[in-house]
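Letters go in sequence order (proteins before strands), and every chain restarts at 1. Computed from heavy atoms alone, side chains included, the values below leave out hydrogens, waters and symmetry copies.
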2 protein chains.
Amino acid sequence: MPLKVRKNQSPEPPQPCMLTHCMAVISGAWAANVIWSLRAGPRRFNELRTDIPPISAKVLSTRLTELEQRGVLSRNVQPTSPPSVEYALTELGGELVPALEAIVKVGHRLKMRDEG
Amino acid sequence: MPLKVRKNQSPEPPQPCMLTHCMAVISGAWAANVIWSLRAGPRRFNELRTDIPPISAKVLSTRLTELEQRGVLSRNVQPTSPPSVEYALTELGGELVPALEAIVKVGHRLKMRDEG
DNA sequence: TAACCAGGTTTCCTTTAGGTAACTCGATAA
DNA sequence: TTATCGAGTTACCTAAAGGAAACCTGGTTA
């Protein structure tokens, strides 16, 4: 007799599409780090590069464009000379911060486990 | 005069490596969905496949192996016939659930924004 | 007038993650 | 004895994401 596929025991139907949707936003290379870096305030392009040394200009640029399109951050050009460009989290972007905090917390435990 | 690179204003030094570390765990394809599916209790291989229809056996198998190695879930074989294999979150895995809940929450807001 | 800065873009290349599909294996049911 | 099931492997292929390095542009300053 074939095994029955048990109904998933969750109290309410889960929403995997929401999960997938949001994961798509934060799982691009360095996306989470960019958001994390912005959580304390606006940051310029080259500041982000020094915050996240291994990121290349190309990937940073790609990621910033993506995140802006998704409404997570805003880009605004300061009319200074030379003009500088500031990136900042939007309100929506700010809502990602608690999620990332939770992730960092688990990161700690994972590292403890890996190291001993 | 070159622009100064402002110090990042965060109150405490951020821990981007923790973030990267943990993101590595949950950002593989369908990894978050697998964990999400297990949050309500143990699940068998084929149950996970029906929970997450687009996942292929190969990727599911890869992901389960990875997640087990990282201590996020446990695998145990029930001596039934045919033997069935149950996957369940470990305590460490359980700590990822609040993070995923936070992510789902933002997923909702992202979707609202995209749709209307 | 040559070099430098900020903030990118472009080109090119490589890797690798992921998808498909076919196959395995031991046990059991028809 | 053939088919089915659960639980995976294995082989193969491809798209696309990411890295490196060079280049660009408009202004500035040495």
Measure the NE2-CG distance between His108(B) and Leu19(A) for me, rounded to the nearest 0.5 Å.
10.5 Å
Check the hydrophobic clustering (I, L, V, M, F, W, Y; side-chain heavy atoms under 4.5 Å; chains of links allowed) and say if Val77(A) and Phe45(A) are grouped together.
yes
If I take atom OG from residue Ser74(A) and atom CG from residue Leu67(A), how far apart are they, to the nearest 0.5 angstrom?
11.5 Å
Heavy-atom donor-acceptor pair, Arg39(B) side chain to Trp36(B) backbone, under 3.5 Å
yes
Tell me, please, the opening and closing nucleotides of DNA chain C, 5' to 3', among those with an atom under 4.0 angstrom from a non-hydrogen atom of chain A.
dA6(C) to dA29(C)
Set of salt bridge (charged side-chain N to carboxylate O under 4.0 Å, His left out) partners for Glu101(B), sequence neighbours left out:
none
If you check every side-chain atom of Tyr87(B), which of dT10(D), dG6(D), dG8(D) has the closest atom?
dG8(D)
How is Arg75(B) classified with respect to the nucleic acid when contacts are heavy atoms under 4.0 Å: base, sugar-phosphate, or nothing?
sugar-phosphate
Could you state the atom-to-atom distance from CG of Leu60(B) to P of dA7(D) in whole Å?
11 Å
Donor-acceptor contact present, side-chain Ser37(B) to main-chain Asn33(B), <3.5 Å:
no
Which pairs, protein N/O on one side and nucleotides 14-17 of chain D N/O on the other, fall under 3.5 Å?
none

To the nearest angstrom, how far is Lys4(A) atom NZ from dG6(D) atom P?
13 Å
Assert: residue with more 5' nearest nucleotide on DNA chain C, out of Ser61(A) and Leu3(B), is Leu3(B)
Can you figure out which of dA11(D), dG8(D), dG19(D) approaches the side chain of Phe45(B) most closely?
dG8(D)
Rounded interatomic separation in angstrom, taking CG from Asn76(B) and P from dA7(D)
12 Å
Do any N or O atoms of the protein come closer than 3.5 Å to N or O atoms of nucleotides 28-30 of chain D, and which pairs are they?
unit_1	atom_1	unit_2	atom_2	d
dT28(D)	OP1	Ser81(A)	OG	2.6

How many whole angstroms separate atom CD1 of Ile52(A) from atom C1' of dG19(D)?
16 Å
Could you grab the distance from atom CG of Leu96(B) to atom CZ of Arg109(A), nearest 0.5 Å is fine?
10.0 Å
Specify the closest pair of heavy atoms between Arg70(A) and Leu110(B), including all atoms of both residues, with the distance to one decimal.
O-CD2, 3.8 Å
With a 3.5 Å distance limit and no angle check, can you tell me whether Ser61(A) reaches the backbone of Ala57(A) through a side-chain donor-acceptor pair?
no
Just how far is it from atom CD1 of Ile55(B) to atom CG of Leu48(B), taken to the nearest 0.5 Å?
8.0 Å
Take the protein atom CD of Gln78(B) and the nucleotide atom C1' of dA7(D), then report the distance between them rounded to whole Å.
14 Å
Within the 4.0 Å heavy-atom criterion, would you say Pro54(A) contacts the bases, only the backbone, or no part of the nucleic acid?
nothing
Which residue lies more 5' along DNA chain D, comparing Val5(A) with Lys58(B) via nearest heavy atoms:
Val5(A)
Between P on dT9(D) and CG on Asn46(B), what's the gap in Å once rounded to a whole number?
13 Å
Base, sugar-phosphate, or nothing: which does Ser84(B) touch, judged by heavy atoms less than 4.0 Å apart?
sugar-phosphate
Excluding sequence neighbours, so at least two apart, what forms salt bridge (charged side-chain N to carboxylate O under 4.0 Å, His left out) with Lys111(B)?
Glu115(B)
Contacts table for residues 84-92 of chain A: side-chain donor-acceptor under 3.5 angstrom, sequence neighbours left out:
unit_1	atom_1	unit_2	atom_2	d
Glu86(A)	OE2	Arg6(B)	NH1	2.8
Glu86(A)	OE2	Arg6(B)	NH2	3.3
Tyr87(A)	OH	Arg75(A)	NE	3.3
Thr90(A)	OG1	Gly71(A)	O	2.6
Thr90(A)	OG1	Val72(A)	O	3.0
Thr90(A)	OG1	Leu92(A)	N	3.4
Thr90(A)	OG1	Gly93(A)	N	3.0

